[in-house]
There are 2 protein chains.
Amino acid sequence: MNEAPRVSEAEWEVMKVVWASAPLAASDIILKLTKTFSWSPKTIRTLISRLIQKGVLGYSEKGKYYEYFPIVDEEECMKQERQNFLKRIYGGALKPMLVQFLQDDNLTSSDIEDLRRLLEQKEKNKGTEET
Amino acid sequence: MNEAPRVSEAEWEVMKVVWASAPLAASDIILKLTKTFSWSPKTIRTLISRLIQKGVLGYSEKGKYYEYFPIVDEEECMKQERQNFLKRIYGGALKPMLVQFLQDDNLTSSDIEDLRRLLEQKEKNKGTEET
DNA sequence: ATTCATTGATTACATTTGTAGTCAATTATA
DNA sequence: TATAATTGACTACAAATGTAATCAATGAAT
């Protein structure tokens, strides 16, 4: 029921903008992206077209111009990307991956505390889980 | 000093095999990969060639055939992939990413405990860090 | 009203990637 | 040894991707 439309790296940047502030006119998308990337407006329009073809971006004629909005859910897509990454690089082994990310050492003390609390919570839930 | 050779997904699978058991003859690489993927031996040889062109795979004439070995370090490459992923999907924000991975709920109780211990350790180190 | 700029559709083109096939030399085998 | 299979170099080709340009229609600005 749910095809997996491959969103390329450049296309992903467009989706991020749209997810963040949809609905948006093409010109708005272009404005935001040209601040971060050296992309021609033409290029960005191409990316938009492709996202529409792929069925992940939608549009409606609002007023004189199109207004674009996401068709697919950001959380869902991110989850998919997480799973792809995990599978591709770690063969799906979550813990080793987490350990390495933790060892990359980019966490503040308060991040660490938050994560510990989250894990504590998880552990408790495990305890009360149904078999 | 260190160009970033883009290793594609299929190529990455070849590297994984080589990292795991180098040095290997092409036929060995092919044997291992055809067990997991429906790739023609020709395809795998193409991937090997491209990896050599990209400078991430090396070979030496051992006996009658080539023996292949990795030029780049697996840990380094994985770190690079982690960073790419983190940047691309989370704009570089490590904690949110970790939280989501944790919430995907694929950890056993003992995984969770290990991670907690690791975080505890990290927190201690933070305490004794030089400014 | 005329001209310029913008929008969206369509087309372009090089590079990368997936997925092989060809071919000459070499090796293994009948 | 004659023949078949394998190896490695080179070639092939379509789809995806990055990166635009062209073109017709529409809207904006003088």
Side-chain angles (χ1 to χ4, degrees), chain A residues 3-18 23-69 77 80-81 84 87-89, chain B residues 3-18 23-69 77 80-81 84 87-89:
Chain A
E3 354 76 54
R6 288 297 247 173
V7 173
S8 80
E9 282 190 36
E11 287 161 6
W12 186 268
E13 296 299 331
V14 174
M15 288 308 291
K16 283 211 278 195
V17 166
V18 174
L24 287 173
S27 56
D28 297 327
I29 298 176
I30 289 167
L31 251 183
K32 305 215 178 204
L33 284 171
T34 48
K35 286 186 181 166
T36 314
F37 302 92
S38 317
W39 289 344
S40 147
K42 296 295 186 183
T43 297
I44 297 171
R45 278 172 191 285
T46 299
L47 296 174
I48 291 173
S49 303
R50 289 182 184 164
L51 287 165
I52 289 166
Q53 281 182 96
K54 293 182 178 185
V56 296
L57 192 64
Y59 64 89
S60 59
E61 291 197 39
K62 198 75 176 182
K64 6 182 186 160
Y65 305 125
Y66 288 1
E67 224 176 49
Y68 299 88
F69 53 85
C77 287
Q80 194 56 55
E81 293 291 327
N84 290 161
K87 180 103 194 267
R88 204 166 76 74
I89 309 298
Chain B
E3 353 76 55
R6 289 296 248 173
V7 173
S8 81
E9 284 192 34
E11 287 161 6
W12 185 268
E13 296 299 332
V14 175
M15 288 308 290
K16 283 210 278 196
V17 166
V18 175
L24 287 172
S27 56
D28 297 326
I29 299 176
I30 289 168
L31 250 183
K32 304 215 180 207
L33 284 171
T34 48
K35 286 187 183 169
T36 314
F37 302 93
S38 317
W39 289 345
S40 145
K42 295 294 187 183
T43 297
I44 298 171
R45 277 173 191 285
T46 299
L47 296 174
I48 290 172
S49 303
R50 290 183 183 163
L51 287 165
I52 288 167
Q53 282 181 145
K54 292 181 179 186
V56 296
L57 191 64
Y59 65 89
S60 59
E61 291 197 41
K62 199 74 179 183
K64 5 183 185 164
Y65 307 124
Y66 287 2
E67 224 176 47
Y68 299 87
F69 53 85
C77 287
Q80 194 55 56
E81 292 291 326
N84 290 162
K87 179 104 194 266
R88 204 166 76 76
I89 309 298

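Reminder, nothing fancy here: chain letters follow the sequence lines and each chain counts from 1.
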Can a side chain N or O of [X] be found less than 4.0 Å away from OP1 or OP2 on [N]?
X	N	value
B:Tyr68	D:dT7	no
B:Trp39	C:dT19	yes
B:Arg45	D:dT7	yes
A:Lys42	C:dT7	no
B:Tyr59	D:dT7	no
A:Lys54	D:dT17	yes
B:Ser49	D:dG8	no

Which of these nucleotides, C:dT17, D:dA28, D:dG8, is closest to any side-chain atom of B:Arg6?
->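 Of all the options, the side chain of B:Arg6 is nearest to C:dT17.
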
Of the nucleotides C:dT17, D:dG18, C:dT27, which one has an atom closest to the side chain of B:Tyr65?
->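 Output: C:dT27.
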
Ionic contact status for B:Arg6 with A:Glu9, cut-off 4.0 Å =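 Looking at A:Glu9 and B:Arg6, the cut-off is met.
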
Considering only NZ, NE, NH1 and NH2 on the basic side and carboxylate oxygens on the acidic side, decide whether A:Glu11 and A:Lys54 come within less than 4.0 Å.
->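 A:Lys54 and A:Glu11: salt-bridged.
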
Please report the distance, rounded to the nearest Å, between [atom1] in [X] and [atom2] in [N].
X	N	atom1	atom2	answer
B:Leu57	D:dG8	CG	P	12 Å
A:Trp12	D:dG18	CH2	C1'	18 Å
B:Ile30	C:dA20	CD1	P	12 Å
B:Ile52	D:dC10	CD1	P	12 Å
A:Leu51	C:dA9	CG	P	14 Å
A:Glu13	D:dT17	CD	C1'	14 Å
B:Gln53	D:dG8	CD	P	16 Å
A:Ile48	C:dT7	CD1	P	10 Å

Quick one: are B:Ile52 and B:Tyr68 in side-chain contact, heavy atoms under 4.5 Å?
->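 In contact.
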
Any side-chain heavy atom of A:Glu67 within less than 4.5 Å of one from A:Leu24?
->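 A:Glu67 vs A:Leu24: side chains apart.
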
Categorize [X] for me: base, sugar-phosphate, or nothing, with a 4.0 angstrom heavy-atom threshold over every strand shown.
X	result
A:Thr43	base
A:Ser27	sugar-phosphate
A:Ala25	nothing

Quick check: any donor-acceptor pair below 3.5 Å linking the side-chain of [X] to the base of [N]?
X	N	answer
A:Thr46	D:dA20	yes
A:Ser40	D:dA20	no
A:Arg50	D:dT19	yes

Taking only residues two or more places apart in sequence or in another chain, which ones pass side chain to side chain donor-acceptor pair (under 3.5 Å) with B:Lys32?
->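 Residues passing side chain to side chain donor-acceptor pair (under 3.5 Å) with B:Lys32: B:Ser21.
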
Taking B:Tyr59 as the fixed residue, which of B:Tyr65, B:Tyr66, B:Phe69 is the one that meets the ring pair (Phe, Tyr, Trp, His ring centres under 6.0 Å) rule?
->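 Filter result, single survivor: B:Tyr66.
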
